[in-house]
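Computed from a predicted model, the values in this text were never measured in an experiment.
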Amino acid sequence: MTQSIVIQVGQCGNQIGSRFWDLALREHSQYNKHCLYDEPLSTFFRNVDTSNRQYREISLGHGRESIHTLKARAVLVDMEEGVVNGIMKSPLGDLFDSTQLMTDVSGSGNNWAVGHYMYGDKYREKIFDIVRQETEKCDCLQSFFVFHSMGGGTGSGLGSRILSLLREEYKHVYKFSVPVFPSAEDDVITSPYNSVLAIRLLTEISGCVLPIDNQALIDITKLTNANEKKSPVKKGNPFDRMNDIVANLLLNLTSSARFEGTLNVDLNEIAMNMVPFPRVHYLLSAMAPLYLPKDVGLAIRKVDQVFSETFSKEFQLLKVQPRKHLYLACALLARGRISISDIRRNVDKLNASISFPYWNENGWKIGHCNTPPVDKPYSLLTLANNTSILVYFEKIMEKFSRLYKRRAHLHHYLGVDGMEMSCFEESIESLLGVVEEYRKIEAQGQAPPNVVPKVRIV
């Protein structure tokens with residue numbers, strides 16, 4: 001059994017991480033009735049005997065060891081103490097030790113350069129030591145998951161610096177980045193700078209990027225709240241609900257690595273099958289059903305409706321319309337009472353309405369985990385490498401250009417040691433290059449080129 005480490009960076013990353021660990025514990029407690037430290041639990045948790053002053057790691061063995069004290073395989077990083085201190089004071093605080101934390105007090109001031117260069121240089125060795133200690137507690141480390149925002153200084157700047165560190169020290173471990181892009185109503189005026197500067201490193205370093213749009217989370221939460229009027233259960237905190245969506249993305253993505261299934265898909269298969277070219281590794285995600293465990297009063301979705309919803313624009317976790325563009329590859333990761341025949345039937349329907357390139361006409365990757373999510377009979381996660389991401393990147397570039405043409409706020413960045421104008425220029429070139437790659441693939445992927453035979457036989 002393999003293990004994964006979650007690295008949560010900045011306010012946004014730690015808030016999502018907090019919800020992830022809560023939901024992960026609920027999920028495992030639902031199916032681990034005998035309170036044994038088994039293989040599914042070992043993916044994200046360690047079993048520790050804390051009866052002595054020195055903690056003793058309890059190995060997995062044959063999955064028959066009783067649970068003593070669970071510790072999360074996690075690294076918590078933030079340059080403000082508030083969110084991390086809140087987590088440590090909450091019921092989840094026992095999951096973490098002080099050796100897993102890296103905090104400061106002054107914050108990054110919504111400045112990518114401060115997070116990347118100032119704090120990145122200052123805390124590089126300490127962060128490396130924390131990550132190394134966590135990796136040494138893994139028997140078979142398979143992947144890192146990095147939660148971070150793209151609009152703030154710590155999430156974008158220090159988050160991308162940590163990804164650089166992972167590339168240097170752990171080249172052969174898969175790196176999944178889960179960046180949250182700012183919404184249309186974002187009040188951080190420098191967020192376009194931060195986003196473009198961070199995208200360059202995501203493109204160069206991450207194995208897979210699962211981009212999330214804060215505006216999409218807001219709209220989905222409004223949609224579920226509207227449906228919730230049919231339920232007698234009181235509405236929850238909207239920010240927790242937004243973070244729950246991202247947390248459930250990771251739970252569904254890793255379900256096959258944690259539980260048995262008729263057609264399990266490993267994380268390395270996702271990276272292998274979904275990324276045809278090195279820089280084209282942005283995977284769009286959608287999930288259904290989107291109601292949460294507390295909404296059990298709602299009607300159960302039909303299986304075919306779940307497939308339809310994950311391909312509708314309303315359920316995309318990035319504000320794009322994939323059906324209008326080209327699918328390079330698409331993964332369907334089902335959980336619970338969805339049969340293989342259900343999947344095949346819906347794939348046949350979808351083939352009539354979506355387009356794959358001529359060189360990958362059967363671009364589906366199918367996975368099925370027998371264990372359903374908590375309080376749901378089944379769920380579906382779709383991951384799509386789709387050229388519609390270029391439209392989203394063009395919108396980011398447009399916002400960036402409005403500031404950059406006037407050289408507005410550049411002095412805040414250039415005043416940080418290590419930051420130069422070349423960082424902006426290279427980031428612009430990188431983003432435009434990714435957009436052009438997707439555009440070429442979309443243009444050339446619709447039909448095979450006319451091939452002239454070298455030898456004509458008479």
Side-chain angles (χ1 to χ4, degrees), residues 1-4 20 23-24 27-28 30-31 39-44 140 142-143 145 174-176 178 207-210 212 245-276 281-290 301-311 315-317 322 327-351 354 356 360-374 376-386:
M1 179 62 70
T2 58
Q3 295 86 42
S4 296
F20 168 75
L23 295 175
E27 186 166 275
H28 284 285
Q30 175 85 6
Y31 302 109
E39 289 188 352
L41 200 55
S42 70
T43 303
F44 286 112
C140 183
Q142 185 181 43
S143 59
F145 289 94
Y174 291 100
K175 302 160 196 70
F176 290 83
V178 186
C208 287
V209 181
L210 307 174
I212 310 293
I245 294 171
V246 186
N248 277 305
L249 165 64
L250 182 52
L251 288 175
N252 289 333
L253 177 62
T254 60
S255 62
S256 288
R258 294 180 292 124
F259 302 107
E260 293 182 355
T262 53
L263 199 62
N264 275 1
V265 174
D266 208 348
L267 293 174
N268 60 353
E269 295 181 64
I270 296 292
M272 180 66 67
N273 289 271
M274 299 295 292
V275 183
H281 55 223
Y282 290 87
L283 308 184
L284 309 180
S285 54
M287 290 183 297
L290 278 173
R301 299 285 200 272
K302 295 181 179 179
V303 170
D304 288 4
Q305 183 181 357
V306 168
F307 280 86
S308 298
E309 287 175 346
T310 57
F311 283 85
F315 281 67
Q316 302 301 314
L317 300 190
Y327 284 81
L328 309 187
C330 186
L332 302 176
L333 306 180
R335 297 184 66 180
R337 297 201 299 269
I338 296 180
S339 66
I340 298 299
S341 60
D342 289 330
I343 298 174
R344 289 174 177 168
R345 181 179 69 254
N346 281 279
V347 165
D348 290 339
K349 292 180 182 178
L350 290 166
N351 277 329
I354 66 175
F356 287 98
N360 192 27
E361 293 179 347
N362 187 22
W364 298 99
K365 182 63 181 177
I366 308 299
H368 181 255
C369 172
N370 294 336
T371 305
V374 176
K376 299 179 187 177
Y378 45 72
S379 71
L380 179 67
L381 167 65
T382 65
L383 298 175
N385 195 336
N386 187 281

For N385 and A329, indicate whether the former's side chain and the latter's backbone hold a donor-acceptor pair under 3.5 Å. no
Report the relative orientation of the aromatic rings in F145 and F176; use parallel for angles under 30°, tilted for 30 to 60°, perpendicular for over 60°. parallel
Counting only N and O atoms by type, is there a donor-acceptor contact under 3.5 Å from the side chain of N264 to the main-chain atoms of F259? yes
For atom CD of E260, is the number of surrounding heavy atoms from other residues, nucleotides or ligands below 6.0 Å larger than 12? no
Does a side chain donor of either D342 or S339 reach within less than 3.5 Å of an acceptor in the other side chain? yes
So does C140 get a backbone contact from the side chain of Q3, meaning a donor-acceptor N/O pair under 3.5 Å? yes
Just wondering, are more than 12 heavy atoms of other shown residues or ligands nearer than 6.0 Å to CZ in R344? no
So, N252 side chain and L381 main chain: donor-acceptor pair closer than 3.5 Å or not? no
Minimal heavy-atom distance between P373 and Y31, with the atoms involved, is O-OH, 3.5 Å
Without swapping roles, check the side chain of H281 against the backbone of L210 for a donor-acceptor pair under 3.5 Å. no
Between R258 and H28, is there a side-chain heavy-atom distance shorter than 4.5 Å? yes
dist T382:OG1 -> Q316:CD (nearest 0.5 Å) comes out at 6.0 Å
I need the minimum non-hydrogen distance between V306 and A288, along with the two atoms involved. CG1-O, 3.6 Å
Within the 4.5 Å heavy-atom criterion, are E309 and L290 side-chain neighbours or not? no
Do I212 and L249 have side-chain heavy atoms sitting under 4.5 Å apart? yes
Minimum heavy-atom separation for R337 to V303, with atom names? O-CG2, 4.3 Å
Below 4.5 Å, heavy atoms only, C-beta onward: do I338 and F307 meet side chain to side chain? yes
Check for a donor-acceptor pair, side chain of Y327 on one end and backbone N or O of W364 on the other, with a separation under 3.5 Å. no
Could you check N268, L253, L267, T254 and say which one makes a side chain to side chain contact (heavy atoms under 4.5 Å, CB included) with S143? L267
Looking only at non-hydrogen atoms, find the nearest pair between I343 and G367 and report the distance. CD1-O, 4.4 Å
For V265 and S256, work out which heavy atoms get closest and say how close. O-CB, 3.3 Å
